[in-house]
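Below is one structure, written out as structure tokens, with a few remarks after it.
Atoms within a ligand are numbered from 1 in the order they appear, just like the ligands themselves.
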Amino acid sequence: MLLEIENMSLHYGRIQALHGISVEVGEGEIVALIGANGAGKSTTMRAISGLRPVSQGTIKFNGKDITKERADRRVIRGISQSPEGRGVFPGMTVLENLEMGCYTRKDKAGIRSDLDRVFGLFPRLAERRKQIGGTMSGGEQQMVAIGRALMARPRLLLLDEPSMGLAPILIQQIFSIITEINQQGTTILLVEQNAQQALSRAHRAYVLETGRIVKSGTGAELLVDPSVQEAYLGVA
Ligand code: ATP
């Protein structure tokens, strides 16, 4: 397993947001984490990227215990996050935003080829490389955020709500790009409220409810699971 989370709990002060969750992501997989508002999806991502300390349990990456490691060390190990709400630097150009994703790297040729990869996945960003980030549309900023995360050349890409706020046509597009990124060899952990798309694209998925994993299976299994359909797919 590339990522192994075992029995992880996390508190915000006295509020317990995660109650002993265990999640695994194998090399080459797309794994989705679905759940309602406040279920703990973003919290799980923050714990993996090292932005919030856990109160119990372990996080292993590539066999190594990283539970107590700093966030910047985890980026160097190959964990990169595209945060919810995008977090594009509004005063920087598209190109500068992308370059922020690889500030820890020195290999010029590698950076060049990763930039070409990002521009290949998102031709719109290539056209707009000099545009100021804050003036890009919501969908375009989402592309910038994913592109920036890819510039760290991650082994594990964490995507928090990539479809949030996007028009239906763009949702389709962003999910096809996610599949393409995965087919190019990047492992992906995806948090989504759009359960339909997430389960269709994911190899495996976990359902999170009030900080606990209540169900897991292949994307295909969960798509036809009656309780998942009722709660997350709008099927009565
Ligand atoms: P959404 O889909 O609405 O983004 P989520 O599943 O990502 O939801 P989290 O953001 O992980 O949910 O929140 C899980 C719980 O932790 C919620 O009850 C939330 O109110 C609480 N929480 C999150 N961040 C903080 C914080 N900084 N301080 C206190 N409580 C927090």
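- Among protein heavy atoms, the minimum distance from atom 10 (O) of ligand 1 is reached at S42 CB, 3.8 Å.
- When only modelled atom types and interatomic distance are considered, Y206 and R204 share a side-chain donor-acceptor pair under 3.5 Å.
- Atom numbering of ligand 1 starts at 1 in the shown order; those under 4.0 Å from a heavy atom of N37 are 1 (P), 2 (O), 3 (O), 8 (O).
- Near Q193, meaning under 4.0 Å from one of its heavy atoms, ligand 1 places the atoms 2 (O).
- Distance check: I30 CD1 to Q183 CD gives 7.5 Å after rounding to the nearest 0.5 Å.
- Of the charged side-chain nitrogens involved, at least one lies within less than 4.0 Å of a carboxylate oxygen, so that D114 and R153 count as a salt-bridged pair.
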Side-chain donor-acceptor pairs of residues 165-174 under 3.5 Å, sequence neighbours excluded:
none

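- A heavy-atom distance below 4.5 Å is found between the side chains of L233 and L223.
- Residue I5 comes nearest to M8 through the heavy atom pair CG2-CB, 3.6 Å, listed as atom of the first residue, atom of the second, then distance.
- The closest protein non-hydrogen atom to atom 29 (C) of ligand 1 is Y12 CB, 3.3 Å.
- Those atoms of ligand 1 with a heavy atom of A39 less than 4.0 angstrom away are 5 (P), 6 (O), 12 (O).
- Here the closest non-hydrogen pair linking S22 and I213 is O-CG1, 4.1 Å.
- Here's the thing with R52: none of its N/O atoms is less than 3.5 angstrom from an N/O atom of ligand 1.
- Between M45 and ligand 1 there is no heavy-atom distance shorter than 4.0 Å.
- Within 4.0 Å of atom 17 (C) of ligand 1, at least one protein heavy atom is present.
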Contacts under 3.5 angstrom, residues 35-42 side chains, donor-acceptor by atom type, not counting sequence neighbours:
residue : atom : partner : partner atom : Å
K41     : NZ   : G35     : O            : 3.0
K41     : NZ   : A36     : O            : 2.9
S42     : OG   : E84     : OE1          : 2.8
S42     : OG   : D160    : OD2          : 3.0

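- Nearest heavy-atom pair, I66 versus I48, reported as atom, atom and distance to 0.1 Å: CD1-O, 4.5 Å.
- Within a 4.0 Å radius of atom 2 (O) of ligand 1, the protein has at least one heavy atom.
- The N/O atoms of G40, backbone and side chain alike, include one that comes under 3.5 Å of an N/O atom in ligand 1.
- Residue E161 has at least one heavy-atom neighbour below 4.0 Å for each of these atoms of ligand 1: 2 (O).
- The single protein non-hydrogen atom nearest to atom 4 (O) of ligand 1 is E84 OE2, 3.3 Å, given as residue, atom name and distance.
- Scanning A36, G38, G13, G35 for the heavy atom closest to atom 14 (C) of ligand 1 points to G38.
- Among all non-hydrogen protein atoms, the one lying nearest atom 9 (P) of ligand 1 is T43 OG1, 3.5 Å.
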